[in-house]
Amino acid sequence: MFRKVLIANRGEIAVRIVRALGEMNIGSVAVFSDVDRAALHVRMADEAEHIGPAPSSESYLRIDRILEAAKKHGADAIHPGYGFLSENADFAAACEAAGFVFIGPTADSIRRLGSKTAARTLAKDASVPTVPGSEEPAKDLEAARRLARELVYPVLIKASHGGGGKGMRRVDEESELDAAIREASSEAERSFRNSEVYIEKLIDKPRHIEIQIAGDRHGNLVHLGERECSLQRRHQKIVEECPSPLITAHPEMREAMGQAALRIARAVGYSSLGTVEFLADVQGDFYFLEVNTRLQVEHPVTELVTGYDLVRLQLQIAAGEKLPFQQDDIRWRGSAMECRICAEDTENNFFPSPGKIVQLREPSGPGVRLDSGVYPGWNVPIDYDPLLAKLVVWDEDRDSTIRRMLRALNEYSITGVETNLAFFREIMDDPVFQKGWLHTGFVADFFARRKPKPEAAPELELAAALAAAAAHSKNGGAGSRNQNAEGSRWLTGGRGSLLR
Amino acid sequence: MMKWQISVDGHTVEIDPQELGSVKEVETGVYSVLLDGRSFEVRAIAAPPVLNVQAGGRRFAVEVRDPRNASRQSRAAVASGRQSVAAPMPGKVVRLLVREGDAVDVGQGLIVIEAMKMQNEMKASRAGRVAEVRVREGDTVAAGDKLVVLE
């Protein structure tokens with residue numbers, strides 16, 4: 001096993017990996033940019049190294065600086081986390097060339113599965129259904145127009161080398177096609193340094209269901225079941241769960257999708273953790289989307305229902321150990337659900353809300369797990385993803401899990417930055433969500449049918465008034481002193497003088 | 001003793017300063033309130049001239065009209081005819097879609113702001129003409145900064 005591992009990441013996932021390393025008696029090395037000097041992952045790791053200024057292109061994406069840090073600290077392996085360099089085949093190769101074990105699949109696997117168009121071809125060859133569309137990047141506008149017409153609108157433009165919804169555009173009619181391709185290409189260029197995009201048919205009311213796989217370096221491959229991630233905003237997941245309500249209704253789908261995922265993995269001799277993403281429709285048909293060749297944000301959902309620690313497993317695999325269990329040993333128990341707690345303004349199109357966390361009360365108690373990367377007083381930087389923490393709960397069945405999630409959300413309080421906590425409380429309370437009628441357009445539909453909140457109870461208003469009066473007395477008048485920048489910023493943001 | 005008038009999301013709630021005995025600050029800015037045996041936890045952050053208050057999973061904008069201070073009348077919001085587009089959150093200007101003098105339609109994109117790797121296009125809420133563009137591409141802006149003025 002490794003002696004010391006460098007974590008080429010930040011935030012909650014870096015904290016998650018520090019924890020796994022601690023439990024395995026392996027030293028941890030954090031890296032940080034200028035604005036992350038006081039970040040939680042730096043505080044919690046055994047060692048830490050500064051790698052550059054705030055922009056990720058000058059810090060967390062700098063392969064040379066990360067390798068230098070690993071050398072300086074005597075690490076023997078590098079964990080890339082998710083995002084940043086985690087699906088960069090050149091980084092995986094550079095780690096190995098510099099004598100560090102890359103905790104992930106081989107550079108070759110990343111390359112072969114990283115391009116969505118190449119992965120689609122691979123899936124087809126492995127008899128896995130794919131969404132109708134182009135295998136090749138769109139060459140010119142005329143070809144794109146012809147293809148989109150053949151597929152029949154609506155179609156979807158996607159980045160060939162992308163993920164997380166970046167470089168993706170829905171197109172409902174031909175007049176929008178030109179602009180959508182340009183926008184998607186330039187976003188892809190900025191995000192992935194590759195502007196290639198392709199076109200596919202848009203599946204109506206699809207569900208996003210993915211299969212967790214794990215393979216060792218001795219040819220053993222297993223799947224650990226599904227996660228349904230249909231609740232998304234801006235094409236990014238915000239709620240994930242296992243079992244998928246669709247699979248509860250069609251239990252045979254788990255094995256069918258699991259075997260399809262394994263056929264793709266086998267085709268490239270996959271080792272390490274990975275996730276094979278599918279779209280599924282109401283009938284229970286499913287289509288291959290893409291492979292994420294890394295640890296997934298929502299991995300705790302699978303950990304809670306299977307009982308396995310996936311980060312530990314990933315480290316064991318990278319160290320050359322055999323999978324400690326076989327497919328038949330895997331059991332799924334109860335129901336788990338995750339909410340991604342983000343610094344963002346739900347009421348303003350989920351716009352990010354960086355800033356200082358003033359107060360923080362975290363939930364705990366039975367069946368509650370919180371993977372957080374923040375603390376009170378921490379200044380959430382403007383430069384990175386707005387994810388603050390992942391609230392994950394487990395209970396015996398989906399109904400109980402939803403009630404438990406609501407209870408945990410009610411305990412949870414963050415002030416100083418806008419968060420989506422109140423939005424998740426509404427979702428958990430929503431009858432359509434409770435019935436499990438999910439699809440990737442759920443959030444947009446939810447906003448369309450959302451009713452205004454009922455008036456607050458008079459006692460609650462009185463309590464608010466009394467606390468405000470107490471705060472006012474203490475501050476010697478809120479209107480006079482305490483005229484700090486953050487306060488007035490909140491005010492400007494809340495006053496609606498802005499155009500949306 | 002004089003009662004306090006407190007505006008909670010526009011509703012006026014009157015309180016007697018003696019009632020403050022039911023309030024205990026349990027952490028900085030966190031108040032436990034007991035009313036007829038019912039327990040409420042309330043968080044209050046000063047955001048002058050109001051307080052940003054969270055209670056019972058809801059958020060309130062609360063204004064305390066202290067009889068000791070004469071309340072300040074807020075200024076007339078925007079001079080009529082001119083309307084400025086402000087940054088909703090801190091971020092970076094990645095693209096300007098209009099220039100001074102341009103005519104714009106309702107819903108037309110004006111400017112693209114990026115924060116935390118996400119882009120947000122600010123749109124015109126009405127038709128008009130661009131009177132002023134106050135930022136340049138690449139500028140970093142704070143929440144509330146005026147970006148574009150329409151007339």
Side-chain angles (χ1 to χ4, degrees), chain A residues 166 187 191 234 343 345 348-355 358-359 361 382-386 409-410 413 415-416 422 425 453 456-457 459-475 477-480 482-494 497-500, chain B residues 4 6 8-9 11 13 15 17 19-20 22-23 25 27-31 33 35 38 40 42-62 64 66 69 72 77-78 83-86 88-91 115-120 122-125 142-144:
Chain A
K166 302 247 168 63
E187 200 171 299
S191 305
R234 293 173 179 263
D345 186 358
N348 184 16
N349 199 21
F350 300 96
F351 203 71
S353 170
V358 181
Q359 299 153 351
R361 184 190 179 199
I382 188 173
D383 312 87
Y384 314 108
D385 190 271
L409 287 164
N410 283 333
S413 168
T415 59
R425 290 183 197 118
K453 267 195 168 186
E459 315 88 82
L460 189 64
E461 287 197 347
L462 180 57
L466 285 166
H472 177 87
S473 305
K474 189 186 74 171
N475 297 339
S480 49
N482 260 11
Q483 194 93 27
N484 60 43
E486 251 148 302
S488 47
R489 194 179 292 166
W490 179 85
L491 182 68
T492 342
S497 63
L498 38 117
L499 308 182
R500 285 177 188 165
Chain B
W4 286 20
I6 297 178
V8 181
D9 276 354
H11 290 180
V13 178
I15 62 159
E19 286 182 276
L20 287 177
S22 60
V23 183
E25 186 171 16
E27 290 171 46
T28 308
V30 184
Y31 299 86
V33 183
L35 291 175
R38 290 189 62 187
F40 297 91
V42 186
R43 281 144 218 278
I45 298 180
V50 297
L51 286 144
N52 176 8
V53 175
Q54 291 183 11
R58 309 179 70 114
R59 221 161 55 172
F60 304 94
V62 181
V64 179
D66 188 335
N69 298 348
R72 251 186 314 146
V78 194
Q83 196 164 26
S84 48
V85 182
M89 292 296 162
M116 294 167 126
K117 310 282 144 206
M118 258 168 33
Q119 298 197 350
N120 204 33
M122 316 283 300
K123 295 186 164 78
S125 71

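Chain identifiers are assigned alphabetically (A, B, ...) following the order of the sequence lines, protein sequences preceding nucleic acid strands; residue numbering begins at 1 within each chain.
Closest approach of A:Ala468 to B:Leu51, counting heavy atoms only: O-CD1, 3.5 Å. Scanning both residues, B:Val42 and A:Ala463, for their nearest heavy atoms gives CG2-O, 4.0 Å. Nearest heavy-atom pair across B:Gly57 and A:Lys453 is O-NZ, 3.6 Å.
Looking at A:Arg361 and B:Arg43, their side chains come closer than 4.5 Å, going by heavy atoms from C-beta outward.
Proximity to chain B (any heavy atom under 4.5 Å) is shown, for A:Glu461, by both the backbone and the side chain.
With sequence neighbours left out, the side chain to side chain contact (heavy atoms under 4.5 Å, CB included) criterion links A:Leu462 to A:Leu466, B:Val13, B:Ile15, B:Glu19, B:Leu35. In this view, B:Phe40 satisfies the ring pair (Phe, Tyr, Trp, His ring centres under 6.0 Å) rule with no residue, not counting sequence neighbours.
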* Using the side-chain contact (heavy atoms from CB on, under 4.5 Å) rule, take A:Gln359 and B:Glu27 through it: C-alpha gap first, then chi angles, then the decisive distance, then the call. => CA-CA 9 Å; A:Gln359 299 153 351; B:Glu27 290 171 46; 5.7 Å; no
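The candidate from A:Ala464, A:Ala470, A:Ala456 with the greatest count of non-hydrogen atom pairs under 4.5 Å with chain B is A:Ala456. Most heavy-atom pairs under 4.5 Å with chain A: of the set B:Gly29, B:Gly56, B:Ala44, this distinction falls to B:Gly29. Put simply, of A:Asn410, A:Thr415, A:Asn349, A:Leu409, the one with the most heavy-atom pairs under 4.5 Å next to chain B is A:Thr415.
Interatomic distance, OG1 of B:Thr28 versus NZ of A:Lys474, reported as 6.0 Å (0.5 Å rounding).
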